[in-house]
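Notes for the one structure printed next.
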Amino acid sequence: MSRPAVTQPAGSGGARSGGTAGGTAGGPPLRGPYRGPWPGRRAIPTEAQLRARMRMLAEQIEISQAEIVLYRAAYERASEEEAADRPWLRGPLERLAVPRLAHALARELDAMERFRLWAEELYYLQEEARATGLLRSP
């Protein structure tokens, strides 16, 4: 699959003020495909940037773990309170019918998903650092 040509919007008449429609040394052409580097190309981070990002990710992982524990306790507490008020709530599907319990469980699952994403990003960042030689392999 080929990428579509990236074109610059053409202003009035397709020319810059003081330039031509075909583009000059002043910049890319105003019409037709842009053949320069893609603006989304990443720069190679320095060792200090990698270490700072890994520290931040480790902190985010710790926060996510604390959130999981907190939301798990909130779900357990809400489940116990609802079970005391409604003894017929025996199964997990019956408990999810209660909005308070469903909301508490959804918050816990959201925290687990954030934990998974932060851990995955940290893993790939460590792999990138090892590949560039900034970190030693275990």
Side-chain angles (χ1 to χ4, degrees):
M1 183 170 113
S2 66
R3 286 188 167 157
V6 177
T7 59
Q8 298 290 329
S12 60
R16 289 184 180 171
S17 60
T20 63
T24 60
L30 293 176
R31 294 184 188 267
Y34 174 61
R35 304 225 183 265
W38 287 95
R41 185 170 282 170
R42 260 180 33 182
I44 297 174
T46 64
E47 182 176 358
Q49 290 171 333
L50 277 175
R51 291 195 185 282
R53 181 75 177 159
M54 284 191 282
R55 271 194 311 272
M56 189 276 305
L57 288 171
E59 290 173 6
Q60 291 297 326
I61 288 171
E62 290 175 7
I63 290 170
S64 296
Q65 288 173 332
E67 285 180 337
I68 291 169
V69 170
L70 183 70
Y71 291 140
R72 168 56 77 173
Y75 172 74
E76 293 290 332
R77 185 181 64 243
S79 183
E80 289 172 4
E81 290 173 1
E82 291 293 332
D85 293 341
R86 302 172 186 178
W88 61 87
L89 291 177
R90 301 260 185 245
L93 292 178
E94 294 169 340
R95 289 181 180 169
L96 286 178
V98 179
R100 181 178 168 202
L101 294 177
H103 185 67
L105 185 61
R107 286 186 301 195
E108 181 185 351
L109 293 175
D110 285 342
M112 286 181 179
E113 179 63 14
R114 282 191 299 275
F115 173 78
R116 186 194 67 78
L117 288 173
W118 290 124
E120 184 177 340
E121 185 176 346
L122 180 61
Y123 171 77
Y124 286 121
L125 191 63
Q126 288 172 340
E127 288 297 313
E128 181 181 344
R130 282 188 192 101
T132 58
L134 296 176
L135 285 180
R136 292 183 302 242
S137 307

TODO: Might you work through the salt bridge (charged side-chain N to carboxylate O under 4.0 Å, His left out) test for E59 and R55, ending with a clear yes or no?
DONE: CA-CA 6 Å; E59 290 173 6; R55 271 194 311 272; over 6 Å; no
- [ ] Taking the side chain as every heavy atom from C-beta outward, state whether Q65 and I61 have any atom pair closer than 4.5 Å.
- [x] yes
- [ ] With rounding to the nearest 0.5 Å, note down the distance linking CD in E67 to CZ in R114.
- [x] 4.5 Å
Open item on the list: Could you see if Y123 belongs to whatever hydrophobic cluster contains M56? Use Ile, Leu, Val, Met, Phe, Trp, Tyr and a side-chain cutoff under 4.5 Å.
Closed with: no
Open item on the list: Would you say that Y124 contacts E128 through its side chain, given a criterion of any heavy-atom pair below 4.5 Å between the two side chains?
Closed with: no
- [ ] Return the minimal non-hydrogen interatomic distance between W118 and S64, and the atom names on each side.
- [x] CD1-OG, 3.5 Å
- [ ] Would you name the heavy atoms of A104 and Y75 that are closest together and state the gap between them?
- [x] CB-CA, 3.9 Å
- [ ] Find out whether E81 and R77 are in side-chain contact, i.e. whether some heavy atom of one side chain is under 4.5 Å from a heavy atom of the other.
- [x] yes
Task: Distance-minimising heavy-atom pair for Y71 and E108 - done: CB-CA, 3.7 Å
Open item on the list: Working to the nearest 0.5 angstrom, can you tell me the gap between R100 CZ and L105 CG?
Closed with: 13.5 Å
Task: Considering all heavy atoms, the nearest L96-A102 contact - done: O-CB, 3.6 Å
Task: Separation of L101 CG from E76 CD (nearest 0.5 Å) - done: 10.0 Å
Task: CD1-CD distance between I63 and Q60, expressed to the nearest 0.5 angstrom - done: 4.5 Å
Open item on the list: How long is the straight-line distance from CD1 of I68 back to CZ of R107, given to the nearest 0.5 Å?
Closed with: 14.0 Å
Open item on the list: Working to the nearest 0.5 angstrom, can you tell me the gap between R130 CZ and L125 CG?
Closed with: 10.0 Å
